[in-house]
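Note: hydrogens, waters and symmetry copies are ignored here, and every other heavy atom, side chains too, is used. Reminder, nothing fancy here: chain letters follow the sequence lines and each chain counts from 1.
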4 protein chains.
Amino acid sequence: MKNTTPTPDPRIERSNRSVLNATRELLAEGRDVGSLTIEAVAARSGVAKTTIYRRWRDKWELALDAVMIDMLPHYYADPPDVGDTRKELLTFIDSVVGALSMAPYGPAMQALVSEIATHPELSRVYREQVVEPRRAQLAAVIARGIARGDLRADTDVQTLHEFLLGPVFYRMLLSGSPLDRKLSARLVDGILQGFAPRPGTAASRRRLRR
Amino acid sequence: MKNTTPTPDPRIERSNRSVLNATRELLAEGRDVGSLTIEAVAARSGVAKTTIYRRWRDKWELALDAVMIDMLPHYYADPPDVGDTRKELLTFIDSVVGALSMAPYGPAMQALVSEIATHPELSRVYREQVVEPRRAQLAAVIARGIARGDLRADTDVQTLHEFLLGPVFYRMLLSGSPLDRKLSARLVDGILQGFAPRPGTAASRRRLRR
Amino acid sequence: MKNTTPTPDPRIERSNRSVLNATRELLAEGRDVGSLTIEAVAARSGVAKTTIYRRWRDKWELALDAVMIDMLPHYYADPPDVGDTRKELLTFIDSVVGALSMAPYGPAMQALVSEIATHPELSRVYREQVVEPRRAQLAAVIARGIARGDLRADTDVQTLHEFLLGPVFYRMLLSGSPLDRKLSARLVDGILQGFAPRPGTAASRRRLRR
Amino acid sequence: MKNTTPTPDPRIERSNRSVLNATRELLAEGRDVGSLTIEAVAARSGVAKTTIYRRWRDKWELALDAVMIDMLPHYYADPPDVGDTRKELLTFIDSVVGALSMAPYGPAMQALVSEIATHPELSRVYREQVVEPRRAQLAAVIARGIARGDLRADTDVQTLHEFLLGPVFYRMLLSGSPLDRKLSARLVDGILQGFAPRPGTAASRRRLRR
DNA sequence: GACTAAGCGAGACGGTACGTCGCGTCTTAAA
DNA sequence: TTTAAGACGCGACGTACCGTCTCGCTTAGTC
């Protein structure tokens, strides 16, 4: 009987890995945006340009692909329930700040962001692969925070998500201030202040009772 | 009496204007990042490529220059004191949202952000010419807000600035959500909640008295 | 049986020919030196500039290459032994005069000569590909001339070569006199006078006996 | 009474000299043709580009002008009558060989020859200023040679001129052989052989009688 | 001895071509 | 069939000089 799921050509997997590794190396070394070129990736990886173009439309898709692999561990496991909303929010936002402070992820995102903003296809991939998983994780944290009475019942995930991540990216891209833990703390505290239940509401009473 | 300010070569001013106009036109038309080329600017403006390179190091400096002119009116006049902190914050953030929703400013910023993030020189210019003026305007609004008792006395300009602008840029660049007035309102309300004086403090009492 | 000489990419040969043809056309049309530009060759030939630069270091190598092809038939076949030294010398020098009177060869040589004189690499190629073959042909003619007793036994090829070609190039380049058959005849007659055996020598006696 | 020949502005003479000197310096230094640029001449001489263009149509006119000054002493004084035709011819041709072996004259001529050959205007100047004076000098030598019986009465100046100078330029430009005194000697001896009166003619008898 | 206009330096301008880089496509030969 | 190797057409890059132009300043030579 024939193999129903035919073994894929092992060369495919091998060249794939070579290309992504070379890409990450070049991104980590590269002083700026343009230092990542398909030609350089081909030379570094020993994979023919043709083969690379067969699998990625352009250098930006490739870069996004290569770089998202680095991100995976950062949101693959949901932040665990530690019984403390502040801590969980910190864990969440720290993982983002940490990733963006790391080479090659940080510099690569700086270089990629214009492409993502500009090209719908890249934008779609980024949202599906990066934004959505993060939102889902944050949603879980928020749900627990509401249950604990640390957050108002009507707290909106989308809003919180933007309040938390927006400033991080703004710093990384434009404002020039450093990305650090103090930022995370300030963000979380700001958020908790803003979205804490008002005194006198059911939620706040529930909270005080503890 | 002698001419104290010697007439500069009028061609300088003329070519300058032509180049910046052509740049803005191309940015407004351009489907994506790369559609702005020095060659195209030269062709469109009737100014020689060499002349362009004489004044701008590369296309990004040129684009930033061209585009900042569009921005000027948006922060040239400080938001007036209308006696209502919420309204003033809305005015402030709406001017940013408005600018970023406009062609060529919005698309141009999408294209420029990677370059700004990557090149220290561009970054410096952007901070000095755009970030700082905005911060100064916001500082004035905040000062009045504190005086009115709408904001806590220890409200930090930098923090508020990042809370307000971060989400706006995050949307424009990555999250894919639309830039609109609802966003402005949500941001301002979130901020006011988070930074309103706590009940029972001096500031809150002062506020209630009114 | 397998193809022992692997098929080269046919585009190579095709683009090569296109470029050389375009070069010759432009040289033939060109009013002056500078009218041959790589850009024009690229445009005319439909071959990309990069491809041209891949194969020729600069326009002068290209021009020399293109132009030497025209020259080949002029010295490819040795002047035949017709039993008459004067006629053979005339045939020899006429082929040179003829080539230099022809477009694009003549104008091209006028334009090239400074480059050849200046760049060792071009100079080497010119000597190997043009000067040497001609000298070899002249050597054969001279050998026969000596055998016939028309030229002194110690007649030096190098000297004769310079006496014959020098004035031709001098006219073409500097003196402004026309290149024509009268020149050829005068050169050959001068040479024969100068290099004929002196009366009373063995050679002259041999000559008279016939 | 009015000054009929008004004193010319002395600045004209001064800038003229500066430009020509700078040109000669650059020609002497320059590795190749293109290293002489009007911009470099302007920079070196401290004279404005405008002023240079006011006086010379292009760099080749300038170069020819600059370089011909070096040549002047070489043909300013006619070769004196020393009573020996061979010596006088040697003196004549040595002065040419000497000039062409000298920087900047030699390299400059190598670079200029294509321009002279190509541009009628330059050609005219070269012929009038260089070729003609030399021909006149040679004519005097030849006349004395004929009078002495060393040359046939029908010796043609033009022919001799080309026989003598052609090989010199051919070497300098194309054949790659060195320019030296041996060449001069060989040329003169070849010429004297070729143009000596035939035995038995009136001229030869006159010659023998001495 | 002041005045005017010619000649000048400085340097920006529009332009042509340069020679290079990287793109994304295409062709061949080997695995 | 898929790959590595690498040539190709292409578009833009950023540079070098070209030859032209505008602009005050300097400096003669004239009134």
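- Note: CH2 (Trp56(A)) to P (dG24(E)) measures 14 Å, nearest angstrom.
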Can you give one letter per nucleotide of nucleotides 4-9 of chain F, going 5' to 3': B for a protein heavy atom under 4.0 Å from the base, S for sugar-phosphate only, - for none?
BBBBBB
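- At whole-Å resolution of the value, CD in Glu61(B) and P in dG14(F) are 11 Å apart.
- Rounding to whole angstrom units, CZ of residue Arg57(B) and C1' of dG14(F) are separated by 13 Å.
- For Arg127(D), the side-chain hydrogen bond (donor to acceptor under 3.5 Å, both in side chains) partners two or more places apart in sequence, or in a different chain, are Ser123(D).
- Residues satisfying the side-chain hydrogen bond (donor to acceptor under 3.5 Å, both in side chains) test with Asn16(B), not counting sequence neighbours, are none.
- As a whole-Å value, the separation of Tyr53(D) OH from dT22(F) C1' is 17 Å.
- dG22(E) atom C1' lies 13 Å from atom CH2 of Trp60(A), rounded to whole Å.
- Look at CG on Asp58(B): it is 14 Å from C1' on dA12(F), rounded to the nearest Å.
- Residues satisfying the side-chain hydrogen bond (donor to acceptor under 3.5 Å, both in side chains) test with Ser15(B), not counting sequence neighbours, are Arg55(B).
- Residues passing the salt bridge (charged side-chain N to carboxylate O under 4.0 Å, His left out) test with Arg54(B), sequence neighbours excluded: none.
- Rounded to whole angstrom, the span from the CG atom of Leu36(C) across to the C1' atom of dT16(E) amounts to 14 Å.
- Counting heavy atoms from C-beta on, the side chains of Gln129(C) and Arg124(C) never come closer than 4.5 Å.
- Residues satisfying the side-chain hydrogen bond (donor to acceptor under 3.5 Å, both in side chains) test with Arg57(A), not counting sequence neighbours, are Glu61(A).
- If you measure from atom CD of Glu115(D) to atom P of dC18(F), you get 12 Å, rounded to the nearest angstrom.
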